[in-house]
Amino acid sequence: MSFIRFDNVSYSYNEGTADEVAAIKDISLSIAEGEFVALVGHNGSGKSTVAKLMNGLFLPSSGTVTVDGIDTAQKRGKNADKHYDPVYEVRKRVGVVFQNPDNQMVASIIEDDIAFGPENLGVPAVEISERVDWALGAVGMSGHRRGTPFRLSGGQKQRIAIAGVLALKPRVMVLDESTAMLDPTGRSEVMEVLKRLNRDEKMTVVLITHFMEEALSASRIIILNEGRIAMEGGREIFRRGAELSEMGLGVPLVCRVADKLRAKGMDLPEGITEVEELVSAVVQ
């Protein structure tokens with residue numbers, strides 16, 4: 001069953017003006033609980049717009065976005081519960097981590113930063129402490145609880161940003177180019193956290209990235225091009241290198257190496273997407 005669903009969704013910036021730009025064009029997709037989905041595309045393909053539509057930061061120009069059955073554009077009726085806000089409910093369910101972790105930090109002490117979100121939700125103090133402990137443990141940063149985020153590496157900062165969202169206990173984690181500003185070590189740290197959250201905590205992960213190696217961690221890959229879904233599937237997508245190249249995208253390095261070796265006459269099976277697979281095929 002779909003937890004996030006887009007039905008014929010379009011979104012335009014500066015809608016109704018001479019500067020209107022259509023960012024998303026008639027997209028339909030669904031994401032089930034527990035999935036790890038990679039959303040991949042070149043700059044300007046609409047990836048970040050989709051991220052903001054997923055948790056109600058943007059509302060669709062047309063079509064419908066639903067999260068756990070809640071229409072993100074739903075209006076509260078006159079007789080509705082005054083404490084019920086559809087967008088607020090959506091944002092409790094879908095947390096977003098953006099590209100620059102410094103922009104998401106509000107406190108000079110790490111545990112205070114992570115506690116900030118639950119405090120604003122009115123979570124009891126005892127539970128806040130438990131959530132901070134759990135979130136830090138989930139990202140492997142428990143030893144930094146009383147430290148300052150400003151002395152951390154880029155990868156560590158992004159792990160703290162993830163912990164801050166985790167403390168809100170969302171059911172879906174959306175990462176909008178969250179590794180783009182990190183070095184390879186930092187990217188590896190963040191990816192290990194995401195894989196562990198998806199595997200051990202059964203958290204739904206939507207990874208928006210232009211790094212094809214990161215997309216290999218996902219169980220499903222969606223390729224965006226010029227605001228539309230161009231491809232969707234598993235790792236077999238990377239066999240379509242020529243089509244990806246036409247969209248300004250590449251394939252993971254391991255796939256390129258395998259293709260080069262085949263071109264040199266080496267008998268390798270199709271569909272190699274892991275370094276271990278390639279090594280095993282070469283030494284046989």
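Counting begins at 1 with the first residue of the sequence.
- Here the shortest heavy-atom pairing between G56 and V87 reads O-CG1, 4.1 Å.
- R262 and D259 are joined by a salt bridge, as a carboxylate oxygen and a charged side-chain nitrogen come within less than 4.0 angstrom of each other.
- Side chain of D113 to backbone of A107: a donor-acceptor contact under 3.5 angstrom is found.
- Chaining together hydrophobic side chains whose heavy atoms lie under 4.5 Å apart places V106 alongside F116.
- For A167 against P118, the heavy-atom pair with the smallest separation is O-CG, 3.4 Å.
- Taking the six-membered ring where the residue is Trp, Y13 and F58 present perpendicular rings, their angle passing 60° and hence far from 30°.
- Among all heavy-atom pairs drawn from E213 and V251, the shortest one is OE2-O, 4.5 Å.
- When only modelled atom types and interatomic distance are considered, D176 and S48 share a side-chain donor-acceptor pair under 3.5 Å.
- Under the 4.5 Å side-chain heavy-atom criterion for ILVMFWY residues, no single connected hydrophobic cluster contains both V21 and V9.
- Here the side chains of R146 and E111 are in contact, with some heavy-atom distance below 4.5 Å.
- Atom CG of L168 and atom CD1 of I114 lie 10.5 Å apart (nearest 0.5 Å).
- Of all non-hydrogen atoms in I128 and V123, the two that sit nearest each other are CD1-O, 3.2 Å.
- Without hydrogens or angle criteria, S178 side chain to V97 main chain gives a donor-acceptor distance under 3.5 Å.
- M181 and L207 sit in two unconnected hydrophobic clusters of ILVMFWY residues. Membership requires side-chain heavy atoms under 4.5 Å apart, directly or through other members.
- Geometrically, R187 engages F211 in a cation-pi contact, judged by NZ or CZ lying under 6.0 Å from the ring centre and within 45° of the ring axis.
- Between P86 and D71 there is no side-chain heavy-atom pair separated by less than 4.5 Å.
- Atoms CE and CD1, on M54 and I208 in that order, are 6.0 Å from each other to the nearest 0.5 Å.
- Panel note: side chain N198, backbone G34; a donor-acceptor pair is recorded below 3.5 Å.
- R235 places a side-chain N or O within 3.5 Å of a backbone atom of L216 that can act as its donor or acceptor partner.
- Of the options K47, E214, M191, a side chain to side chain contact (heavy atoms under 4.5 Å, CB included) to T209 is made by E214 and by none of the others.
- The salt bridge (charged side-chain N to carboxylate O under 4.0 Å, His left out) analysis of residues 216-230, with sequence neighbours excluded, yields the pairs E35-R220, R220-E232.
- Residues E192 and R196 are not paired through a salt bridge, judged by the lack of any N-O separation under 4.0 Å between the basic side chain and the carboxylate.
- Using modelled atom types, no side-chain atom of Q158 and backbone atom of T179 make a donor-acceptor pair closer than 3.5 Å.
- The two residues P60 and V65 make their nearest non-hydrogen contact at CG-CG2, 4.1 Å.
- Linking Ile, Leu, Val, Met, Phe, Trp and Tyr residues whenever their side-chain heavy atoms come within less than 4.5 Å leaves L136 and I109 in two separate clusters.
- Between the R5 side chain and the S30 main chain, no donor and acceptor come within less than 3.5 Å of each other.
- Between V50 and F6, some side-chain heavy-atom pair lies under the 4.5 Å cut-off.
- Evaluated for a side chain to side chain contact (heavy atoms under 4.5 Å, CB included) with L224, the options I229, V40, T49 yield exactly one hit, I229.
- Across every non-hydrogen atom of L53 and L59, the tightest pair is CD2-C, 3.8 Å.
- In this structure, the side chains of L166 and M173 come closer than 4.5 Å at one or more pairs of heavy atoms.
- For the pair N225/S45, no side-chain contact is recorded, criterion being any heavy-atom separation below 4.5 Å from C-beta on.
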